[in-house]
Colleague: 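This is the structure I want to talk about, given as structure tokens.
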Amino acid sequence: MAREFQRGHKAKISDLTPGTDLYVGVQIASPGLTFDISCFGLDANEQLSDDRYFIFFNQPKSPEESIQLLGAQSGDTESFRVTLDRIPANIHKLSFTATLDGAGQMSQVGPGYIRIVAGGEEVVRYAFNGSEFTTERAVMLGDFYLKDVWRFAAVGQGFDGGLDALLKNFGGEVAEEAPADPQPQAAVPSFAPPAQVAAPPAFGAPPAPQAPQPAPSFGAPAAPAPQQPMHTAPTMAAPMAPQAPSPYGQPGQPPQQPQFGQVPDQGAPPAAPFGQQAPSAPYGQPAPAPFGQPAPAAFGQQPPGGMPPGVPQGVPQGGAGLQAALQPYKETATGQRWTSQNQQLMRVDLTMGGSGVLARQGSMVMYQGKVDFGYKGAGFAGRIVGNATGQEMQLMRCTGKGQVFLAEEGSHLHPIELQGDAICISAESVLAFDESLQYEVRRIEGHGVPGGALFTMQFQGTGTVIVKTHGTPVVLPVTPTTFADCNAVVAWSAASQVIISSQVRLRRNAYPGHSGETVNLQFRGAPGNFIVVQPYEV
């Protein structure tokens, strides 16, 4: 079990774990802010005497690879691999830091942490939030330091001057380019990083399970096995292009429709999008036939090649009768709190999870058991914000013991699980969410925007949000050149920086011959951030 550290706590690494091949994860985020997370390798005088031990995005590893930058994974904004028994004798301290890239202060950050994982098991965590800081722009989060043996200290101290002040404190200076590594690279240690480093998971989908390496060898936090109860499944961190099998499928099977984030005719979709177990077949279509057998007909239709003699037309191949005809549309039960029945229908089991559900008024299509429905008011402040922004949601509160089925106008529904992290979603795209989640209105200001600003809802905490889209959306990684129409954007990672684009500021039909576009949003952020866009403009 991980030990919880407070600021100033120290301990020997050997008291935490017998391993020396360690994973260090850092989670820090705030809406609209971008962070650079680095590691400084310091000498006995706590100075950066060798620039090759300044580990950051432009220099991801030390010469002998005792310190390696791994990127965002397993819910961490940034992660490192540290092999203590390979660190050179002239390095006496490793300082893990976070600096703001752009305007802002550390007092604006949300809940974050730095943690150590050995052999796939978390052994220590120092959690922090913005209340611990004021005007700092650079923070030293935690240190590995050598004092007869390697030790760990939770620091939580910073500098108002940002990266410049941090470098000067360590005896360095700001340069236009990081110095090149003059030494040849050693062979990469034999370990497999988490799958989401090479290919980040699809929107809301858990990373592929990996076998944790036995302690004390290196091991990043292992992804849980699939079909676990909600609140324990891993959280989406970034988009992934799913591994596609043969685009032609198996003999005897009909081609499948592309699902979330997949281009048509480019392979079959992932088996379970958004971290939920997929239904046996899309609504209105029969399940695919076993390999080598002819596919069954759609409900009420004659299959290709005709039917055996004496069987009436419209009878499914599975047999005649009402039960056989309705079999493809039976309720899907997975033992989880939220279960997709098909692309347009979601079931929530209120007997699991222990908390109620807030859903858009009028979205209930059926329920089973003893369920109470009540109006959920937004309060005086919420009504003022809603009237001004259009982002107030008319909600109903569902409690009791039973199952509630939710849908709205045939929209595609996608469950998104959060575990302490945050996501920004347009209120128009929210169907339902667990009452345990916190939500609030976020404002995006910019010139040329009708009304002077755009508004979105930020959800944070532990629970599930059901997002509805018009058609199959696409998830894109955030790059410096990522732009999207504000009417088509469904959601984005809360750590992304959102800027009103100056390229298009004209309202639709403002004058004959203009582009027809309204306001574009530009997204920026560290690797691992994403946006979700639907093929439809609200």
Side-chain angles (χ1 to χ4, degrees), residues 1-28 37-50 53-55 61-70 73-98 111-129 132 139-158 166 169-171 189 191 193-194 212-222:
M1 181 177 181
R3 290 177 57 179
E4 296 288 341
F5 273 28
Q6 302 297 324
R7 178 190 290 182
H9 283 189
K10 304 176 181 179
K12 296 179 180 179
I13 297 295
S14 58
D15 292 339
L16 303 174
T17 174
T20 58
D21 200 1
L22 307 175
Y23 172 100
V24 178
V26 175
Q27 204 280 332
I28 184 170
I37 302 172
S38 311
C39 176
F40 290 83
L42 309 175
D43 59 21
N45 297 320
E46 298 190 2
Q47 297 294 296
L48 183 64
S49 57
D50 190 337
Y53 289 88
F54 175 28
I55 309 303
K61 53 188 174 183
S62 60
E64 73 294 322
E65 299 186 353
S66 62
I67 313 166
Q68 302 178 46
L69 185 71
L70 302 180
Q73 60 177 313
S74 301
D76 298 328
T77 310
E78 190 61 88
S79 62
F80 301 81
R81 181 184 186 183
V82 176
T83 311
L84 293 177
D85 53 7
R86 297 182 61 188
I87 295 177
N90 62 311
I91 301 298
H92 287 246
K93 176 182 284 191
L94 305 179
S95 182
F96 295 90
T97 66
Y113 59 78
I114 179 172
R115 61 174 179 165
I116 301 175
V117 178
E121 297 293 333
E122 183 175 323
V123 296
V124 67
R125 175 184 292 234
Y126 161 46
F128 56 86
N129 56 57
E132 298 184 30
V139 175
M140 298 181 294
L141 301 175
D143 292 341
F144 285 13
Y145 63 101
L146 188 60
K147 186 178 180 182
D148 64 30
V149 294
W150 282 103
R151 304 167 186 259
F152 175 76
V155 181
Q157 297 180 359
L166 189 65
N169 178 72
F170 293 146
F191 86 101
Q213 302 181 12
S217 62
F218 173 81

Colleague: Would you give the length of the straight line joining atom CD of E65 to atom CZ of R81, rounded to the nearest 0.5 angstrom?
Modeller: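 Nearest 0.5 Å value for the CD-CZ distance: 9.0 Å.
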Colleague: Are any of the side-chain heavy atoms of Y23 and L70 separated by less than 4.5 Å?
Modeller: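 Yes; the side chains approach each other to less than 4.5 Å.
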Colleague: Closer than 3.5 angstrom, by distance alone: can the side chain of Q47 be matched with the main-chain N or O of G171 as a donor-acceptor pair?
Modeller: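 Between the backbone of G171 and the side chain of Q47 there is a qualifying donor-acceptor contact (under 3.5 Å).
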Colleague: Starting at OG of S95, measure out to CG of L166 and round the result to the nearest 0.5 Å.
Modeller: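 CG of L166 is found 7.0 Å from OG of S95.
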Colleague: Describe, in one word, how the ring planes of F152 and F5 are oriented to each other, choosing from parallel (under 30°), tilted (30 to 60°) and perpendicular (over 60°).
Modeller: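 Tilted, since the angle between the ring planes falls between 30° and 60°.
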Colleague: Which heavy atom in V155 sits nearest to a heavy atom in Y126, and how many Å separate them?
Modeller: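 For V155 versus Y126, the nearest heavy atoms are N-CE2, 4.3 Å.
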Colleague: First locate atom CD1 of I28, then atom CG of L141, and finally report the distance between them rounded to the nearest 0.5 Å.
Modeller: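 Rounded to the nearest 0.5 Å, the CD1-CG separation comes out at 6.0 Å.
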Colleague: Of all the heavy-atom pairs spanning V26 and I114, show the shortest one and how long it is.
Modeller: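 V26 and I114 have their closest heavy atoms at CG2-CG1, 4.0 Å.
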Colleague: Of all heavy-atom pairs between L94 and C39, which one has the smallest distance, and what is that distance?
Modeller: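 Where L94 meets C39 most closely, the heavy atoms are CB-SG, 4.0 Å.
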Colleague: Determine the minimum heavy-atom distance between S38 and F80, stating which atoms define it.
Modeller: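 Shortest heavy-atom contact: C-CZ, 3.9 Å.
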Colleague: Ignoring hydrogens, what is the shortest heavy-atom contact between G41 and L48? Give both atom names and the distance.
Modeller: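 Looking at all heavy atoms of both residues, the closest pair is O-CD1, 3.5 Å.
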Colleague: Working to the nearest 0.5 Å, report the span between CD of Q27 and OG of S79.
Modeller: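 Q27 atom CD to S79 atom OG measures 12.0 Å (nearest 0.5 Å).
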Colleague: Would you sort out whether K93 and E46 count as a salt bridge (Lys or Arg N to Asp or Glu O under 4.0 Å), showing the intermediate values?
Modeller: CA-CA 7 Å; K93 176 182 284 191; E46 298 190 2; 2.9 Å; yes
Colleague: Just verifying a value: how many Å separate S49 OG and L42 CG, rounded to the nearest 0.5 Å?
Modeller: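 It is 8.0 Å, given to the nearest 0.5 Å.
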Colleague: Do R3 side-chain atoms and A11 backbone N/O form a donor-acceptor pair below 3.5 Å?
Modeller: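 No; judged by distance alone, with no hydrogens or angles, the pair does not exist.
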Colleague: Would you say S74 and E122 make side-chain contact, with heavy atoms under 4.5 Å?
Modeller: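 With C-beta onward as the side chain, the pair stays apart.
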Colleague: With a 4.5 Å heavy-atom cut-off, do V139 and F128 have their side chains touching?
Modeller: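 Side-chain contact under 4.5 Å: no.
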Colleague: Mind checking the OH-CD1 spacing from Y53 to I87? Nearest 0.5 Å is all I need.
Modeller: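 Y53 OH to I87 CD1: 9.0 Å, rounded to 0.5 Å.
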Colleague: Is the shortest side-chain heavy-atom distance between R115 and D76 below 4.5 Å?
Modeller: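 Sidechains of D76 and R115: in contact.
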Colleague: Kindly give the heavy-atom pair with the smallest separation between W150 and H92, and that separation in Å.
Modeller: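 Of all heavy-atom pairs spanning W150 and H92, the closest is CZ3-O, 3.8 Å.
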Colleague: Hey, what's the ring geometry for F40 with F170, parallel, tilted or perpendicular (30° and 60° as the breaks)?
Modeller: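 F40 and F170: tilted rings.
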Colleague: So do N90 and D43 actually touch side chain to side chain, heavy atoms under 4.5 Å?
Modeller: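 The answer is no, as the side chains (C-beta and beyond) never meet within the 4.5 Å cut-off.
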Colleague: Just do the side chain to side chain donor-acceptor pair (under 3.5 Å) check on E64 and S66 with the steps written out, would you?
Modeller: CA-CA 6 Å; E64 73 294 322; S66 62; 2.4 Å; yes
